[in-house]
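The model shown is predicted, which means the values in this text are computed figures rather than measured ones. Residue numbers start at 1 and run along the sequence shown.
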Amino acid sequence: MTASPTLPKSRQQLILAVLMLCSLVIWLDNTVLSITLETLADPVRGLDAGPAELQWATGSYTLTFATLMFTAGALGDRFGHRAVLVTGLVVFAAASMWAAYASDPGQLIAARAAMGIGSALIMPANLAILMWTFTGPARASAIAVSSTSAGVGMAAGPVLAGLLLDHFWWGSVFLVNVPVVALALTGIALLVPDFRSPVPRPLDPAGMLLSISGLASLAYGLIRAGQAAAWGRTDVWAPIAVGLVLLAAFVLVELRIKAPSFDPRLLAQRTFGGGNAALGLLLFAMAAVTFYSAFYMQGARGFSPMEAGLASLPTALGAVVGGTLGARLVRRWSLRPVCGPALTVAALSMGAYGLLGLHTPLVLIEILLLVQGVSIGMVIGPVTAALISSLPLERAGAGSAVTNTVRQTGSVIGIAVGGTIMSIVYRRAIEPSLSEVPGSVGDRARVSAEQARHVATEVHRPALARAADDAFVQAMHVGAVWVMLIALLGAAVLVIAVRPGGEPKGPVPEADHEEGGSRPMVERPPRR
């Protein structure tokens, strides 16, 4: 991959700023939704969304993001990365407006899925343009600078969402994406050249269809288990079984393709496969614990959206500090002695949610979130960078596709399983408190703690609201134990996968980055 000699340094820096805007809008959206979940569940201020609908509002985005990312890279090679980036931004902005004005949970879920399509088009093209624009040491520095947009989004997103929810309706958190996209599109039109790979990759429609349908079926079955509070029903186990079969077929199809967009063969390598498994398990745990935290802060503790956003800042700031600290420590001591213990600490910090109650001092929660953020930051960036550097340069693009797909898949399954555990345990915990309430009231209270609090206010039964809070906390405690065990499994896999005292040969970049191609890029000649 070579950089164009005609691009002056000042233009390179402006292109980097534009690409950071494109990345920022995705990270903002990833974080604002967690603050909005409690409001969306409210029958008056939101959409009266149930737990399963909220799981799908989060999961539908991640699902399309995960399964379309490797296809988006092939589209960039074929049609030009600037064109794909522009298309992704337009889709993302249009879907954000659709989500903002959704009139029911079904529309919101569909809009979120469309936003995931936009994100999947944005991320590979974003990195491909960055890799083409810069070369040598300047490329590594540009990747490091670009990665700061993740920290800015994680820190600013919850606070921005809280501010908007305190003053406007819930849809405003999605409309904030539109001006950012408009500014990014202007920058692309003025600054970014149009280029494409001279050797385009095949589009792989069979793989795309099998991966989307398989993950969707698996996630549906897991979420349905929470709704039914049982695993033995046909509408629970059948979708799970179908999903697993389709995903197995997806792997077999990709193995037969000469140049697959998602190359399962890479997962057979000890370091690359084990490291990706560890990251997938960590993202599983992170998605589940974030889902719990949103309802704990605003529902059980009664924080306003703004207060909840400010309370989540230690996690984001800790992740930024942890990413820098982890990269430095890995250069000094290697990957395993740094990231193995860090992932263990992250797991224990997630398990510590099992110690939180309705009156836990806020300062203790903030310390817990800070430790969690630092430890997670010390794992994700260094491990991802080491995994990509373990591959030959010509396979870096395929390796990034595998890594990002595994990470997003972990998030999809984490939301589904974490929410299902919470729903099942909550229903069992609230049941003894419903023996003396009318049938219709009890039915609504069984749906979720949010519904129970609302109906308790309507029928003037404060004891029911207290029972719902206690039941939710009990459900969060049980879920936290399972989340901790999953993350500890990830730590064990990471320690086993990484060779003692060393990593893959070659430099380990500091920044975590997404899918990008490794073929030389050429600027597209102007149309005549």
Side-chain angles (χ1 to χ4, degrees), residues 27-28 30-35 37 147-163 279 282-298 300-301 303-330 338-384 411 414 418 473 476-477 479-481 483-484 486-488 490-491 510-512:
W27 285 104
L28 278 174
N30 282 342
T31 52
V32 297
L33 185 63
S34 63
I35 300 297
L37 290 174
S147 68
T148 61
S149 61
V152 173
M154 290 172 63
V159 177
L160 179 61
L163 181 65
L279 284 180
L282 174 58
L283 267 292
F284 176 109
M286 287 173 56
V289 83
T290 300
F291 195 75
Y292 295 154
S293 180
F295 294 103
Y296 172 70
M297 289 292 194
Q298 295 183 61
R301 295 300 297 264
F303 290 178
S304 71
M306 186 65 182
E307 291 169 339
L310 291 172
S312 69
L313 273 179
T315 304
L317 298 178
V320 173
V321 173
T324 303
L325 178 62
R328 292 179 178 176
L329 294 178
V330 165
V338 174
C339 296
L343 184 45
T344 302
V345 172
L348 295 176
S349 70
M350 295 175 188
Y353 276 70
L355 304 176
L356 301 182
L358 296 174
H359 305 289
T360 302
L362 181 59
V363 64
L364 296 181
I365 299 175
E366 298 301 280
I367 293 173
L368 173 64
L369 294 179
L370 179 63
V371 171
Q372 180 177 298
V374 171
S375 56
I376 289 173
M378 290 179 65
V379 175
I380 292 182
V383 171
T384 303
S411 295
V473 169
M476 183 179 71
H477 288 173
V481 173
V483 166
M484 178 184 67
I486 292 295
L488 285 174
E510 292 191 17
D512 170 22

(message) Testing the basics here: between Ser411 and Leu283, what is the closest heavy-atom pair and its distance to 0.1 Å?
(response) OG-CD1, 3.5 Å

(request) With sequence neighbours left out, write down each residue that passes side chain to side chain contact (heavy atoms under 4.5 Å, CB included) with Thr344, or none if nothing qualifies. (result) Leu348, Leu488, Ala491

(message) For a quick test of reading the model, state the closest non-hydrogen atom pair linking Pro382 to Cys339 and the distance between them.
(response) CB-SG, 4.0 Å

(request) Taking ring pair (Phe, Tyr, Trp, His ring centres under 6.0 Å) as the test, write out the residues that go with Phe295, two or more places apart. (result) Phe291

(message) My understanding is that only residues two or more places apart in sequence, or in another chain, count here; which of them pass side chain to side chain contact (heavy atoms under 4.5 Å, CB included) with Ser304?
(response) Asp166, Met306, Glu307

(message) When you measure from the side chain of Ser312 to the backbone of Gly309, do you find a donor-acceptor pair of N or O atoms at a distance under 3.5 Å?
(response) yes

(request) Please list, chain by chain and in numerical order, all residues satisfying side chain to side chain contact (heavy atoms under 4.5 Å, CB included) with Ala487, sequence neighbours excluded. (result) Ala285, Ala347, Met350

(request) Would you check if the side chain of Ser349 reaches a backbone N or O of Ala346 as a donor-acceptor pair within less than 3.5 Å? (result) yes

Name each donor-acceptor pair under 3.5 Å that joins a side chain in residues 354-381 to protein atoms two or more places apart or in another chain, with its distance.
from: Thr360; atom 1: OG1; to: Gly357; atom 2: N; distance (Å): 2.7
from: Ser375; atom 1: OG; to: Val371; atom 2: O; distance (Å): 2.9
from: Ser375; atom 1: OG; to: Gln372; atom 2: O; distance (Å): 3.0

(message) Looking at every heavy atom in both Leu37 and Ala294, which two are closest together, and how far apart are they?
(response) CD1-CB, 4.0 Å

(request) Please list, chain by chain and in numerical order, all residues satisfying side chain to side chain contact (heavy atoms under 4.5 Å, CB included) with Ala480, sequence neighbours excluded. (result) Tyr353

(message) How close do Ala308 and Met297 get, counting heavy atoms only, and between which atoms?
(response) CB-CB, 4.2 Å

(request) Check whether any side-chain heavy atom of Val481 sits under 4.5 Å from a side-chain heavy atom of His477, and report yes or no. (result) no

(request) Considering non-hydrogen atoms only, spot the tightest contact between Gly326 and Val338 and give its length. (result) O-CG1, 4.3 Å

